[in-house]
Novice: 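Would you mind keeping the following structure in view while I ask a few things?
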Amino acid sequence: MQDNGTYPNTLIDGFGRKVDYIRLSITDRCDFRCVYCMSEDMTFLPRNEVLSLEECARLVKIFVSLGVSKVRITGGEPLVRKNALWLFKEIGQLSGLRELVTTTNGSQLEQQAEALKTAGVRRINISLDSLDAERFRKITRVGDLDKVLRGIAAAKLAGFHNIKLNSVLMKGVNDDEALPLLAFAVDQGIDISFIEEMPLGDVDHTRDSTYVSNEATLKLLQTRYELISSAETTGGPARYWRIPNTNTKVGFISPHSHNFCESCNRVRITCKGELYLCLGQEDKVDLMPLLREFPDDDRPLIEAIIGSMRIKPKGHDFDLKRAAPAVIRFMSHTGG
Ligand code: SAM
Ligand code: SF4
């Protein structure tokens, strides 16, 4: 607390990095079971261990009052949570918020894209790892490619400021689709980011057996496209390239080959209310007990959030060769 009894409205960590971006996972559940994200047999949290949507709204409001200007709603699959739209609307109305964005697998967009846009969602990331229906089903274990393509069409129609595809390439699984996926993005006039697989959670394969570096992907794309390095940023970890005469930006999120920690501006809140200071480390503060013990007093939460800045680690520590996952938490738990 400051001398005048108020709180500073900025969150600055011990390395001088300003935190102005939160990623909030509103559910660990999902209608897909992507092989790099989940094991075949997942146990999900009981309902009472998950933040209510009202608790989510309260937390976001507090973070925005502390200077956070960008909020990403993620999961699990955020759009399978009942009444998720209510939360989007609540957050969309917060003054002080510059950007409300979401990451989705696209399966519910055909029904929800327009309402999300009306609620104030500016940009939307849609995961797409294959354009081949059978392979798409194999990667997601259950997903229907056509439904996702219809979701992408609905998002385009709704008129989001920006639509970006997220593709995780895996060696021997879909790494031959980098060019077709980029061609699809160019054809649709939308952006695409390639994400290196991260060792989060114990899945059914070893991560180094499927690792594809973004450097190799970039080289492959350059055989067909002219890519011009760009200094643009969307406030996230991606590095971007432009393709002349198209509307498409190509991003690379490379936790292994390019460590993005030095400019990290974000923290993550799990659907259990755990505030993780780094995707790849265990440092966290539990906000759920404070939310429930002090339903009418935000001060303990504010103090815990400001205090957490002291334990934000310098960076992650991903190592593909390690037998055990770097972090036991699945991405669907922490929120991608
Ligand atoms: N269900 C939504 C979706 O798939 O877009 C949102 C949550 S998902 C966890 C967010 C992003 O994380 C997706 O783009 C997904 O491809 C990515 N992801 C999940 N597990 C990953 C992993 N182990 N390594 C890299 N990216 C991963
Ligand atoms: Fe679900 Fe997204 Fe994880 Fe796939 S990546 S299993 S869609 S949470």
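Just follow the structure's listing: the first ligand is 1, and inside any ligand the first atom is 1.
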Novice: With no hydrogens and no angle check, just 3.5 Å: does a side-chain donor-acceptor pair link Asn105 and Ser107?
Specialist: yes
Novice: Between Asn174 and Val168, is there a donor-acceptor pair closer than 3.5 Å when you use the side chain of the first and the backbone of the second?
Specialist: yes
Novice: For ligand 1, which atoms have a heavy atom of Thr104 less than 4.0 angstrom away?
Specialist: 2 (C), 3 (C), 5 (O)
Novice: Based purely on interatomic distance, does Ser127 place a nitrogen or oxygen under 3.5 Å from a nitrogen or oxygen of ligand 1?
Specialist: yes
Novice: Atoms of ligand 1 less than 4.0 Å from Thr74 heavy atoms?
Specialist: 6 (C), 7 (C)
Novice: Would you check the N or O atoms of Gly75, main chain and side chain alike, for any that come under 3.5 Å of an N or O of ligand 1?
Specialist: no
Novice: Report yes if the side chains of Val50 and Arg29 come closer than 4.5 Å at any heavy-atom pair, otherwise no.
Specialist: no
Novice: Between ligand 2 and Ser127, can you find any atom pair, the residue atom being a heavy atom, that is separated by under 4.0 Å?
Specialist: no
Novice: Check ligand 1 against Val168 and write out every atom of the ligand that is under 4.0 Å from a heavy-atom position of the residue.
Specialist: 16 (O), 26 (N)
Novice: So, regarding Glu197 and ligand 1 (criterion: nitrogen or oxygen to nitrogen or oxygen, under 3.5 Å), is there a contact or not?
Specialist: no
Novice: For ligand 1, is any non-hydrogen atom under 4.0 Å from Asn166's backbone (N, CA, C, O), its side chain (CB onward), both, or neither?
Specialist: side chain
Novice: With Thr248, which of Leu165, Ile190, Val186 fulfils side-chain contact (heavy atoms from CB on, under 4.5 Å)?
Specialist: Val186
Novice: Taking only heavy atoms of Cys37, which atoms of ligand 1 are found under 4.0 Å from at least one of them?
Specialist: 19 (C), 20 (N)
Novice: With a sphere of 6.0 Å drawn around CD of Glu226, does it hold more than 12 non-hydrogen atoms of other residues, nucleotides or ligands?
Specialist: no
Novice: Extract all donor-acceptor atom pairs below 3.5 Å that involve side chains of residues 140-155 and protein atoms in other chains or at least two apart in sequence.
Specialist:
{"unit_1": "Thr140", "atom_1": "OG1", "unit_2": "Phe136", "atom_2": "O", "d": "2.7"}
{"unit_1": "Thr140", "atom_1": "OG1", "unit_2": "Gly143", "atom_2": "N", "d": "2.8"}
{"unit_1": "Arg141", "atom_1": "NH1", "unit_2": "Arg33", "atom_2": "O", "d": "2.8"}
{"unit_1": "Arg141", "atom_1": "NH1", "unit_2": "Met38", "atom_2": "O", "d": "3.1"}
{"unit_1": "Arg141", "atom_1": "NH2", "unit_2": "Asp204", "atom_2": "OD2", "d": "3.0"}
{"unit_1": "Asp144", "atom_1": "OD1", "unit_2": "Asp146", "atom_2": "N", "d": "3.1"}
{"unit_1": "Arg150", "atom_1": "NE", "unit_2": "Glu110", "atom_2": "OE1", "d": "3.1"}
{"unit_1": "Arg150", "atom_1": "NE", "unit_2": "Glu110", "atom_2": "OE2", "d": "3.2"}

Novice: Is atom 4 (Fe) of ligand 2 less than 2.8 Å from at least one N/O/S atom of Cys34?
Specialist: yes
Novice: Should the proximity of Cys37 to ligand 2, defined as any heavy atom under 4.0 Å, be assigned to the side chain, the backbone, both, or neither?
Specialist: side chain
Novice: Would you check if Phe160 and Leu116 make a side-chain contact, meaning some heavy-atom pair closer than 4.5 Å?
Specialist: yes
Novice: Quick one: does Gly76 get a heavy atom under 4.0 Å from ligand 1?
Specialist: yes
Novice: Could you say whether the N/O atoms of Asn125 and ligand 1 ever approach to under 3.5 Å?
Specialist: no
Novice: Got a sec, which residues hit salt bridge (Lys or Arg N to Asp or Glu O under 4.0 Å) with Arg224, two or more places apart in sequence or on another chain?
Specialist: none
Novice: Could you tell me if the side chain of Tyr225 sits less than 4.5 Å from the side chain of Thr246, heavy atoms only?
Specialist: no
